[in-house]
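When reading the values below, keep in mind they use all heavy atoms of this one structure, side chains included, and skip hydrogens, waters and symmetry mates.
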4 protein chains.
Amino acid sequence: MPPSVSVFGSAGFTGALAARLVLRHPSLELRAVTARSDVGRRLDELYPHHRVPFELEELELDRHADVDAAIVAYPHGAAAPLVAELRARGVRVVDLSADFRLHDPEVYARWYREHEAPDLLGDAVYGLPELYREQIRGAPLVANPGCYPTASLLALAPLARAGLIDDVIIDAKSGVSGAGRGLSDKTHFVAADENVNAYGVPRHRHIPEIEQELAALGADVRITFIPHLVPLDQGELVSCYVTASPVADLEALYEEAYAHEPFVELSSRPPGVRDVRETNICRISVHRDERAGRVIVFAAIDNLWKGAASQAVQNLNLMLGLPEQEGIGPTASEVREAVR
Amino acid sequence: MPPSVSVFGSAGFTGALAARLVLRHPSLELRAVTARSDVGRRLDELYPHHRVPFELEELELDRHADVDAAIVAYPHGAAAPLVAELRARGVRVVDLSADFRLHDPEVYARWYREHEAPDLLGDAVYGLPELYREQIRGAPLVANPGCYPTASLLALAPLARAGLIDDVIIDAKSGVSGAGRGLSDKTHFVAADENVNAYGVPRHRHIPEIEQELAALGADVRITFIPHLVPLDQGELVSCYVTASPVADLEALYEEAYAHEPFVELSSRPPGVRDVRETNICRISVHRDERAGRVIVFAAIDNLWKGAASQAVQNLNLMLGLPEQEGIGPTASEVREAVR
Amino acid sequence: MPPSVSVFGSAGFTGALAARLVLRHPSLELRAVTARSDVGRRLDELYPHHRVPFELEELELDRHADVDAAIVAYPHGAAAPLVAELRARGVRVVDLSADFRLHDPEVYARWYREHEAPDLLGDAVYGLPELYREQIRGAPLVANPGCYPTASLLALAPLARAGLIDDVIIDAKSGVSGAGRGLSDKTHFVAADENVNAYGVPRHRHIPEIEQELAALGADVRITFIPHLVPLDQGELVSCYVTASPVADLEALYEEAYAHEPFVELSSRPPGVRDVRETNICRISVHRDERAGRVIVFAAIDNLWKGAASQAVQNLNLMLGLPEQEGIGPTASEVREAVR
Amino acid sequence: MPPSVSVFGSAGFTGALAARLVLRHPSLELRAVTARSDVGRRLDELYPHHRVPFELEELELDRHADVDAAIVAYPHGAAAPLVAELRARGVRVVDLSADFRLHDPEVYARWYREHEAPDLLGDAVYGLPELYREQIRGAPLVANPGCYPTASLLALAPLARAGLIDDVIIDAKSGVSGAGRGLSDKTHFVAADENVNAYGVPRHRHIPEIEQELAALGADVRITFIPHLVPLDQGELVSCYVTASPVADLEALYEEAYAHEPFVELSSRPPGVRDVRETNICRISVHRDERAGRVIVFAAIDNLWKGAASQAVQNLNLMLGLPEQEGIGPTASEVREAVR
């Protein structure tokens with residue numbers, strides 16, 4: 001029997017997509033989808049294109065937690081108590097919120113609020129498979145990374161690991177789905193269409209997450225990180241401006257780092273977010289700016305896929321001993337194999 | 001009798017808009033529009049929304065140069081010979097190409113090609129009124145700035161003049177009209193829609209122009225400048241990351257610099273390109289990133305207006321002794337006056 | 001002294017634009033802008049691109065109604081009581097709601113709700129200047145047409161007047177600004193982007209308004225009218241499929257009808273909504289489908305301009321004895337004159 | 001060994017997508033991709049998101065026609081001679097052009113040009129599986145329907161078969177990918193963005209195809225068909241206005257017609273093109289306009305998928321005896337099954 005999975009918080013963009021990916025997954029069984037709003041509505045009425053013929057149910061732990069694994073797509077702060085309940089019942093959890101990404105509850109408190117389940121922080125693995133694949137296998141609780149940290153860390157990891165980063169500025173561009181399903185003046189079509197602007201200046205909450213992981217890789221820096229909203233639906237590009245120590249062969253550094261990664265793709269030209277839409281792939285290019293003495297790295301992902309839901313399934317696959325790439329679309333490595 | 005103006009190269013986006021602005025200008029008379037393609041077609045057939053009922057004519061200097069002033073909207077390289085002919089006949093010229101922006105013909109040769117009219121470089125004034133208003137008045141030849149330099153220099157001038165800039169990275173985002181009317185794979189709707197990507201990496205031709213003018217303001221730096229294409233029509237945002245010497249009151253520095261500028265608008269929130277669409281206004285916000293010790297400046301313009309055609313008319317107004325703001329829409333200063 | 005105008009309900013898209021047009025109008029004085037939400041905020045904070053440096057005020061009739069004229073941009077139902085108060089004080093009113101468009105209060109009740117000021121219906125003139133110019137001059141109360149009726153009636157009037165219409169289907173496409181500033185699932189960027197779909201099927205409230213005016217022109221038909229949402233901001237196209245009696249010269253019929261109209265423009269090719277963006281112009285083309293024996297008429301307007309706010313100012317101009325085209329941008333007739 | 005397939009004409013949008021679908025198909029082997037331009041370039045360089053690591057080759061029939069089946073994605077007129085060659089070698093062919101859709105070469109000549117392989121017309125089956133499933137199985141040559149006919153016929157077939165159609169007007173809206181990869185003024189981003197307009201008025205080439213198939217279903221009518229370009233990439237909506245004989249239960253008629261169709265989905269609300277993006281599904285809703293006595297049917301498809309490439313693979317599946325839904329994504333019937 002395939003492992004059973006419930007998705008908690010399926011009325012939002014990432015929870016709904018997670019439900020679709022689990023439903024279509026050849027080795028998982030979608031058991032239930034819960035929501036905090038829109039209870040009683042069918043998910044395929046809210047999101048016809050996902051074609052998930054399940055009713056959104058009100059949370060009932062006795063029924064919904066009787067599963068092998070859970071994906072939690074609750075807002076920051078609301079996730080921790082639910083995760084704690086699920087863990088208490090022995091359910092493996094991938095949490096899409098920020099609640100278990102920061103190891104230090106004080107840092108969490110500074111950027112978010114008081115942490116409600118600090119005891120669990122020790123069990124949580126940061127769910128970026130390209131950095132923590134072994135720890136994720138068998139982990140009881142995986143904190144799925146933020147979308148910006150996913151793209152930024154994949155862009156910078158080879159340089160960070162090689163100890164080459166002195167300073168980093170990350171200028172990010174995200175489609176509007178990144179702002180979530182909630183209605184607000186900035187997600188109104190008329191506000192976002194034919195517009196570009198920065199937001200969260202200068203203290204976006206993804207900063208401590210990126211810094212924590214860069215430090216773990218060996219780059220102890222204070223970054224500047226500025227996200228911009230661009231008029232498209234799904235897609236995210238980070239442009240990283242790195243003051244770097246000299247490196248003999250930049251391209252080789254990246255090729256080596258990612259030669260065996262199923263979901264990282266290198267490109268000689270700057271990637272576009274179209275190139276990765278509706279995939280779990282991160283597409284990266286690296287360039288030298290000789291005049292200014294900098295290294296520039298671009299990384300493109302689909303913010304709802306690799307930046308959230310498909311990466312959650314990638315983590316589930318690892319946690320449950322399934323093939324890592326199952327159920328989440330084409331891989332970069334397929335193409336590499338085909339070419340060789 | 002109002003001064004007469006011909007627009008040369010009116011089949012492209014900026015030339016067509018320049019023709020519209022001159023036609024609707026209360027104190028100018030549009031005499032003729034010429035083109036190198038589409039000759040014989042009516043401009044209002046090509047661009048119905050401009051409503052310029054003029055036929056595109058083949059260049060005939062004897063007829064078309066019998067005017068007080070000219071706007072030249074030719075490609076780089078092609079402009080210089082025409083400008084030389086016009087100047088030989090005593091016509092005042094605003095040139096939209098890069099041909100007269102760089103003072104040093106060797107720098108021009110390095111980034112573009114051999115210069116075809118180096119003798120005229122001495123006569124040319126760099127047409128950013130906020131920096132060179134007095135020199136533009138009465139100048140025979142004005143080199144209209146590039147769209148990226150316009151936004152970047154207005155964003156950085158107060159810091160540069162105060163001697164505060166140590167290092168600058170400019171991450172720019174531009175609508176597709178910035179790529180011009182020419183057909184190419186990257187301007188196809190299907191390529192640009194739902195996409196964002198960098199281009200011209202890492203040596204975009206606007207770099208020497210920005211560096212020349214920053215140096216003139218006192219900031220002798222090598223910049224990193226990376227433009228990105230975003231899926232919208234008109235609009236351009238520059239995000240400038242500045243390593244700056246400490247400054248007591250950043251906001252005051254900008255307020256002082258721009259208090260009397262009719263077309264510069266300060267905002268406490270990051271500007272969106274929608275805010276300046278179809279205006280000659282540059283909207284700027286300045287922020288401190290205390291954690292990383294940087295200053296961040298955003299500037300938004302309409303690349304076809306302040307970035308090209310309406311700035312050309314602003315320059316014409318100055319050259320011909322007309323009120324600077326005539327015929328180019330609302331000003332930022334109107335609003336400031338109204339509020340006081 | 002120029003006539004003074006207050007705009008009531010300025011926090012929405014059409015009220016905000018009306019305020020901008022009145023503020024920039026050479027012969028009107030904007031006195032105040034009121035709102036039912038966002039009171040205390042500056043209009044140029046909500047809508048930076050309109051550059052109206054006025055604070056949104058709570059309604060105080062004693063202060064705000066002490067003007068020569070008013071534009072009311074309230075929702076249907078809420079407008080009637082305010083209009084009644086303004087009329088009681090002798091203020092001339094252009095009302096943007098549907099409350100005074102339908103002559104028969106029973107029809108209004110059937111499509112909207114019980115009418116709250118039926119006594120005033122007799123004073124109200126239907127504000128489509130191309131049909132009722134003379135009645136609008138001097139009218140105390142003008143009911144500004146809906147955006148779909150504006151485009152549809154201008155498309156069909158020449159055929160209707162000539163008694164040629166047997167049957168009409170109107171398939172309309174509107175940008176998202178037509179749905180107003182209110183937040184809803186369908187105005188979220190992610191819902192509207194890369195999408196097209198019909199709404200209000202099959203009983204959209206603009207139907208009785210179109211039928212009433214077609215009947216007044218001589219075409220007593222029951223129309224099918226279906227609007228669609230398309231992923232753009234401002235702009236509306238109606239495609240009208242007419243079963244028509246034979247007509248000798250279709251083009252001549254339209255040319256004659258609109259030869260002297262300042263804001264109607266005929267085109268031989270189907271108009272695009274880009275062609276009329278941010279203008280008060282309606283652009284029309286008419287075609288014969290010989291095979292199927294039908295006449296097809298397309299009409300494009302900017303739904304916020306000719307479909308609402310600039311048409312309101314066109315009506316104000318007529319009511320106040322000002323030149324009809326003042327303050328609302330380029331006219332079609334300018335271009336015709338220039339060409340002759 | 002799985003059947004081998006070559007895709008001819010893979011540099012265009014539909015040919016490239018067809019190559020991707022064949023490459024990822026569990027029971028087909030992609031052998032080669034040819035092109036008439038861009039020869040020597042890798043397909044995944046032209047279309048990174050398709051991830052097809054094949055080089056575009058110049059046509060060499062001896063090599064490329066040594067396959068079990070072919071998909072031909074050539075322009076109208078150019079396809080017929082290639083199809084004839086492939087058929088002469090015994091290759092089964094799905095042809096994406098219009099060359100084999102019209103049974104009568106004189107009708108073809110009237111709307112296109114002289115037919116170059118009229119002898120083959122007798123072998124060709126019209127490839128709309130919902131109408132001709134049995135004939136397609138085992139057919140040597142299948143003419144893949146046009147995108148507009150696909151949506152229109154699926155919208156109208158139940159009414160046509162029941163003999164209820166007296167008259168039809170089809171107002172269609174298509175994304176820009178429908179115009180193909182060729183560069184033209186109308187596919188430039190700046191022309192299509194924030195725009196809607198009709199084209200091909202009033203004689204679009206898909207008319208005879210729709211009329212031929214409606215007649216085959218029992219509705220011998222002359223249709224009015226007008227397509228519009230809308231600012232999105234992939235997606236097509238047809239709005240059909242039908243003068244119909246009275247029908248007792250409209251919904252039941254459609255439910256019965258499509259109860260077992262794997263790729264037709266009924267909806268009570270008007271479908272959006274987003275609902276079917278990147279699927280082989282046609283989503284349909286049917287409505288009664290009681291007031292005007294009409295039936296209105298909406299059908300949404302992805303013009304590149306069900307409107308071209310995935311329908312070609314659906315046809316290939318039938319021709320080769322494979323499961324009809326293999327390799328072309330989620331089906332509507334999956335969802336129906338799940339719900340029952």
Are D166(D) and R294(D) close enough for a salt bridge, meaning some N to O gap below 4.0 Å? no
Quick one: what part of A300(D) sits under 4.5 Å from any heavy atom of chain C, side chain, backbone, both or neither? neither
How far apart are the C-alpha atoms of L153(D) and L214(D), what are their side-chain angles, what is the distance that settles it, and do they pass the side chain to side chain contact (heavy atoms under 4.5 Å, CB included) test? CA-CA 7 Å; L153(D) 293 168; L214(D) 283 179; 4.0 Å; yes
Check whether V176(C) gets within reach of chain D through its side chain, its backbone, both or neither, counting any heavy atom under 4.5 Å. neither
Does either side chain, that of H228(D) or that of S239(C), offer a donor lying less than 3.5 Å from an acceptor on the other one? yes
Top contributor to chain C contacts, counting heavy-atom pairs under 4.5 Å, from I223(D), L229(D), V221(D), D167(D): D167(D)
Check whether P271(D) gets within reach of chain C through its side chain, its backbone, both or neither, counting any heavy atom under 4.5 Å. backbone
Taking every heavy atom of V201(C) against every heavy atom of A198(C), the minimum-distance pair comes out as CG2-CB, 3.9 Å
Part of Q234(C) within contact of chain D (heavy atom distance under 4.5 Å): backbone
Assert top hit (heavy-atom pairs under 4.5 Å, partner chain C, pool I296(D), V273(D), N197(D)) equals V273(D)
Note: H76(C) and A98(C) closest approach over all heavy atoms is ND1-N, 2.8 Å
Run the salt-bridge test on R277(C) and D275(C) with the 4.0 Å N-O cut-off and return the result as yes or no. no
Could you go through the side chain to side chain contact (heavy atoms under 4.5 Å, CB included) check for Y148(C) and I207(C) one step at a time? CA-CA 9 Å; Y148(C) 292 123; I207(C) 289 175; over 6 Å; no
Quick one: which of R203(C), R222(C), R291(C) has the most heavy-atom pairs under 4.5 Å with chain D, could you say? R291(C)
Can you give me the closest heavy-atom contact between V238(C) and A155(C), atom names plus distance? CG2-CB, 4.5 Å
For chain C, which residues from residues 278-290 of chain D lie under 4.5 Å away (heavy-atom distances)? H287(D), R288(D), D289(D)
Does any backbone or side-chain atom of V196(D) lie under 4.5 Å from a heavy atom of chain C? Answer side chain, backbone, both or neither. both
If only atom types and distance count, is the side chain of R274(C) paired as donor or acceptor with the main-chain N or O of D193(D) below 3.5 Å? yes
Hey, are E114(D) and Y108(D) close enough side-chain-wise for a donor-acceptor pair under 3.5 Å? no
Contact leader toward chain C among L237(D), I169(D), V230(D), where contacts are heavy-atom pairs under 4.5 Å: I169(D)
No-hydrogen, no-angle side-chain donor-acceptor test under 3.5 Å, E265(C) and Y258(C): no
For chain D, which of P270(C), A191(C), G293(C) has the most heavy-atom pairs under 4.5 Å? P270(C)
